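Bear in mind that the values here come from a model prediction, so they are computed numbers and not experimental data.
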Amino acid sequence: MTRTRNGLLLAAVFLCILPLGQSAARAEGAGPGRCAVGGISSSPDGVPQGQLVALQPDAGPRSGGTQVTLTGAGLSAYTRVFFGTVGTDGCFTGRESSEVVVLSDTAVVAVAPPWPTAAIVSVYAGTECGRLSNPLGYTYLD
């Protein structure tokens, strides 16, 4: 979904995902060369499952812009960060951080995107091939 507000283009991310720890297969020739082609795999890009253990801070304004440090293990390949929810149908609805910096295998910094209402959402780190970490909660405040 894409909307324009005050001349700014806002986009929401809608991704259908498999249960955490799995990823949909990539199309032939799509994405980085390290992405596996073919069937579903628990490690489609040869990357071990990243584990998040903490977010600092774990809350910020719904206007976004808060720098959030994700800490855990096995995060060096997790170059994408998503804020949102996974529905009962397995589809992710939310927004991707536009600014992500991988500091080390144990730390990633992302800027929280804006959120329309005060809410508690899940934060996931993701690889370029779509593999997601476990989620942690983040609270958007009024």
Could you tell me whether a side-chain N or O of [X] sits under 3.5 Å from a main-chain N or O of [Y], the two making a donor and an acceptor?
X: Q49; Y: L132; answer: yes
X: D58; Y: Y138; answer: no
X: R62; Y: Y140; answer: no
X: S133; Y: A125; answer: yes
X: T66; Y: V68; answer: no
X: Y78; Y: G50; answer: yes
X: S104; Y: A107; answer: yes

F82 and R95: CA distance, side-chain angles, deciding distance, side-chain contact (heavy atoms from CB on, under 4.5 Å) verdict:
CA-CA 6 Å; F82 299 96; R95 297 183 175 164; over 6 Å; no
Under the side-chain contact (heavy atoms from CB on, under 4.5 Å) rule, what do V109 and T69 come out as? Steps first, then yes or no, please.
CA-CA 4 Å; V109 175; T69 302; 3.8 Å; yes
Shared hydrophobic cluster for L55 and V100 (ILVMFWY, side-chain gaps under 4.5 Å)
yes
Can you see which heavy atom on [X] is nearest to which on [Y], and at what distance?
X: S63; Y: P114; value: O-CB, 3.5 Å
X: W115; Y: G84; value: CH2-CA, 3.7 Å
X: V123; Y: V81; value: CG1-CG1, 3.8 Å

I need the [X] [atom1] to [Y] [atom2] distance, nearest 0.5 Å.
X: T85; Y: I120; atom1: OG1; atom2: CD1; result: 12.5 Å
X: S98; Y: R80; atom1: OG; atom2: CZ; result: 12.5 Å
X: L103; Y: L70; atom1: CG; atom2: CG; result: 10.0 Å

Determine whether more than 12 heavy atoms belonging to other residues, nucleotides or ligands lie under 6.0 Å from atom CD of Q51.
yes
Taking CG in L141 as the centre, count heavy atoms belonging to other residues, nucleotides or ligands within less than 6.0 Å. Is the count above 12?
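Yes, enclosed.
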Parallel, tilted or perpendicular: rings of Y124 and F92 (30°, 60°):
perpendicular
Evaluate the criterion side-chain contact (heavy atoms from CB on, under 4.5 Å) for residue pair E128 and T79; output intermediate values, then yes/no.
CA-CA 7 Å; E128 288 299 316; T79 58; 2.8 Å; yes
Decide yes or no on side-chain contact (heavy atoms from CB on, under 4.5 Å) for L52 and L75, but give the supporting numbers first.
CA-CA 8 Å; L52 297 179; L75 301 178; 3.9 Å; yes
